[in-house]
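So the structure is just underneath, and the comments pick up after that.
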Amino acid sequence: MNILISNDDGIHARGLRALADALSSLGEVWVVAPDREHSGASHSLTLNRPLRVTKVGPTWYTVDGTPTDCIALAVKGTMIKRRFDLVASGINLGANMGDDVTYSGTVSAAFEATLLGLPAFAISVAARRRADFTAARQVAVLLARLIEKNGLPADTLLNVNVPDLRASEIRGIAITHQGRRRYGEIIVRKVDPRGKAYYWIGGKKPSWEPSEESDFAAVTAGFISVTPLHLDLTNPTALRELRRWEFPWDARDEAGDSPWSPRRARGNRSSTD
Ligand code: MN
């Protein structure tokens, strides 16, 4: 198996090495990771400047870009002439659950791999500073084997969250849905040495909506959470609802009021008034 590994904590992160070590038991491992931390980078792609790649080991590379850049370069660039069988992202220090997956560079690296047609999973440990990666390493190997055997459903990646527990304390693996976080981000305001205000986002421990089969519930109860995430963000219930709405379209090519101007939108008037 040719395995590609990336992360959003950067090339020096302990979790990256732990994942590479663990999966090297299954095949050849290639690492392409950002040269610094990009937590919260989401699915951003660098388009306004060139990217530099530095080879730091026989199969290890850093990129001065985002996790998504790393996957795009590793898969579509010319530096590694391999067809990857699996892409794994992590092991992230900090959980990536519920609505927070949209901020996550770790999940986005797996997302990018899925867009490029490769089976992928993202793996995170629900610890803030120091983490014991033993359980995460074990589940990464297990998942890689299962994905090799079964493949993954189309357009789907796996988002894995491991409780901050010893492997022997973990109660099992739960297949979960993405939970709902309760909005509670703290914006800290402070003053810099020159007397100017600055702001810093974050800091509060997340809380979430109670839901028995969510990622949050599983990890809190001591289970490893495995959530299948779909690339298609369409809400099927809302799709049906919106199709019952009326969307009058004032089709005109000449200059004048836009059909979306407040005056026109208010009355839904026809083009002849
Ligand atoms: Mn991170």
Side-chain angles (χ1 to χ4, degrees), residues 3-23 29-46 51 56 60-74 87-115 120-137 139-140 143 157-165 178-179 181 184-188 200-206 208 215-216 218-219 224-227 229:
I3 302 166
L4 171 63
I5 291 176
S6 193
N7 74 348
D8 76 355
D9 289 342
I11 192 82
H12 301 294
R14 282 176 54 235
L16 181 72
R17 190 162 294 277
L19 187 57
D21 281 351
L23 295 183
V29 165
W30 300 77
V31 175
V32 181
D35 63 357
R36 69 198 70 180
E37 189 181 340
H38 278 276
S39 296
S42 190
H43 196 197
S44 60
L45 190 63
T46 302
L51 293 166
V56 292
W60 282 58
Y61 299 82
T62 67
V63 177
D64 61 344
T66 66
T68 301
D69 294 332
C70 291
I71 299 297
L73 284 181
V87 178
S89 177
I91 300 166
N92 189 63
L93 197 55
N96 280 303
M97 301 191 284
D99 309 302
D100 287 346
V101 301
T102 59
Y103 303 115
S104 169
T106 309
V107 173
S108 293
F111 202 100
E112 182 68 10
T114 310
L115 282 174
F121 67 87
I123 181 163
S124 308
V125 172
R128 279 224 158 170
R129 286 189 193 88
R130 306 185 136 269
D132 173 1
F133 293 116
T134 314
R137 290 172 59 126
V139 74
L143 276 176
L157 62 104
L158 300 183
N159 182 32
V160 183
N161 283 279
V162 179
D164 186 20
L165 296 171
Q178 183 186 329
R181 186 197 220 272
E185 208 68 87
I186 283 181
I187 312 285
V188 178
W200 208 311
I201 298 172
K204 198 180 169 190
K205 238 188 156 187
W208 54 89
D215 43 12
F216 288 115
V219 167
I224 292 168
S225 163
V226 177
T227 311
L229 296 180

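Only this structure's heavy atoms are used, side chains among them; waters, hydrogens and symmetry mates stay out. All of these numbers come straight from a predicted model, not from anything done at the bench. In each ligand, atom 1 is the first atom listed, and ligand 1 is the first ligand listed. By convention here, the first residue in the shown sequence is residue 1.
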Point to revise | Single hit among Leu229, Leu157, Val101 for side chain to side chain contact (heavy atoms under 4.5 Å, CB included) with Phe111 | key: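 Only match with Phe111 under side chain to side chain contact (heavy atoms under 4.5 Å, CB included): Leu157.
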Review point. Can you tell me if Ser89 uses its side chain to pair, donor with acceptor, with the backbone of Ala122 under 3.5 Å?
Key: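 The answer is no, because no donor-acceptor pair under 3.5 Å joins these two groups.
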**Study point:** Donor-acceptor contact present, side-chain Ser124 to main-chain Asn161, <3.5 Å
**Key:**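 Checked: no pair found.
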Exercise for review: Dump the intermediate steps for side-chain hydrogen bond (donor to acceptor under 3.5 Å, both in side chains) on Thr227 and Asn159, then the final yes or no.
Suggested key: CA-CA 5 Å; Thr227 311; Asn159 182 32; 5.0 Å; no
Point to revise | Geometry at the Mn ion (ligand 1) - Asn92 OD1 versus Ser39 OG angle, rounded to 10 degrees | key: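 Rounding to the nearest 10 degrees gives 170°.
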Exercise for review: Name whichever N, O or S atom of Asp8 ends up nearest to the Mn ion (ligand 1).
Suggested key: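 In Asp8, the N, O or S atom with the shortest distance to the Mn ion (ligand 1) is OD1.
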Check your understanding: Out of the N/O/S atoms in Asp9, what is the name of the one closest to the Mn ion (ligand 1)?
Key ->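 Closest N, O or S atom of Asp9 to the Mn ion (ligand 1): OD1.
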